[in-house]
Amino acid sequence: MIAFERPRVAGIASPSSGQAAPDPATPSTHILITPGMTTAQLPKVKAGAKVTLLVDSVGPIDTATAVFPYGAGREATIGSGPVTVQANGLNKTWQVEFWTDPSLEITPDGTEVKMHLSGTGPAGSAALDAPPYTDGVVVTEGTVYSDWFVVLQGRDTS
């Protein structure tokens, strides 16, 4: 038997207002994505925020791929992963980091980021898709652009 289970958000570089930021080093703060979660229940992240997702595999899965579609035909940028960050016999924990476009015109509030996770090994293949597992893995609220400010500097040309 091979399968993926327990997807969870282990880090949010820029959480939305009111959303606690999980500490990647403290598993008790990770946000578990449970079967049937609705958009209203998903973790909130600002558009453009880096999200660190962990997911466990059961059985001999050697390679994994992930895609995070959102909006009208867009896919989140994957910074790293999926990579194995922990192994316990044939079972593994995989990590993948992703982010959406920070523009609210492209990623407006309420955008669901979905997930297509697949893996292969000597015993076959496994997949975990959200939906149907859940409505997605995160939903956007605000933008990382609100965390930045511009400082204009001139120079003396005399």
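It should be emphasised that the depicted structure is a prediction, and the values quoted were computed from it without experimental measurement.
The OG1 atom of T111 sits 11.5 Å away from atom CD of E141, with the distance rounded to the nearest 0.5 Å. Of the inter-residue distances, the one linking K46 atom NZ with D109 atom CG reads 11.0 Å to the nearest 0.5 angstrom. In this structure, OG1 in T63 is found 8.5 Å from CD1 in I61, a value given to the nearest 0.5 Å. Once rounded to the nearest 0.5 Å, the distance linking CG of L117 with CZ of F4 reads 4.0 Å. Taking CZ of R8 as the start and CG of L32 as the end, the distance is 7.5 Å to the nearest 0.5 Å. Put simply, CH2 on W99 and OG1 on T107 are 13.5 Å apart, with the number rounded to the nearest 0.5 Å.
Taking every heavy atom of both residues into account, V144 and A49 meet most closely at CG1-N, 3.5 Å. For the residue pair V96 and G81, the shortest heavy atom distance occurs at CG2-C, 4.0 Å. When all heavy atoms of P22 and A20 are compared, the pair lying nearest together is CD-O, 3.4 Å. Between S125 and T120 the shortest heavy-atom distance is CB-CG2, 4.0 Å. Scanning all heavy atoms of the two residues, the minimum distance from A40 to K44 falls at O-NZ, 3.1 Å. Minimum heavy-atom separation, P122 to D62: CD-OD2, 3.2 Å.
With hydrogens and angles ignored, the 3.5 Å screen pairs no side-chain donor or acceptor of Y145 with any backbone N or O of A47. Of the possible polar contacts, none joining the T93 side chain to the V85 backbone as a donor-acceptor pair under 3.5 Å is found. A donor-acceptor pair under 3.5 Å links the side-chain atoms of T100 to the main chain of G48, judged by distance alone. Formation of a donor-acceptor pair under 3.5 Å by the T84 side chain with backbone atoms of Q86 is not found in this model. Side chain of Q41 to backbone of T38: a donor-acceptor contact under 3.5 angstrom is found. Not a single donor-acceptor pair under 3.5 Å links the side chain of R74 to the backbone N or O of A72. Under the 3.5 Å distance criterion, the side-chain polar atoms of T143 are matched with a main-chain donor or acceptor of P102. A distance-only check finds a donor-acceptor pair linking the side chain of H30 to the backbone of D23 [under 3.5 Å].
Cluster annotation: L42 and L54 are assigned to distinct hydrophobic clusters (Ile/Leu/Val/Met/Phe/Trp/Tyr, side-chain heavy-atom contacts under 4.5 Å, transitive). Grouping the Ile, Leu, Val, Met, Phe, Trp and Tyr side chains by contacts below 4.5 angstrom, directly or via other members, places M37 with Y133.
Between F68 and F98, the two ring planes are parallel [angle under 30°; tilted spans 30° to 60°].
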L128 and R6: side-chain contact (heavy atoms from CB on, under 4.5 Å), yes or no, with the steps? CA-CA 10 Å; L128 180 61; R6 289 184 11 97; over 6 Å; no

Could you give me the CA-CA distance, side-chain angles and deciding distance for I33 and V9, then say whether side-chain contact (heavy atoms from CB on, under 4.5 Å) is met? CA-CA 8 Å; I33 309 299; V9 174; 4.2 Å; yes

Just do the side-chain contact (heavy atoms from CB on, under 4.5 Å) check on K114 and T134 with the steps written out, would you? CA-CA 9 Å; K114 303 183 184 317; T134 64; over 6 Å; no

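Among V51, T39, I12, L53, the single residue meeting the side chain to side chain contact (heavy atoms under 4.5 Å, CB included) criterion with V138 is V51.
Here the side chains of I2 and P60 are in contact, with some heavy-atom distance below 4.5 Å. For the pair I78 and S80, the minimum side-chain heavy-atom distance is 4.5 Å or more.
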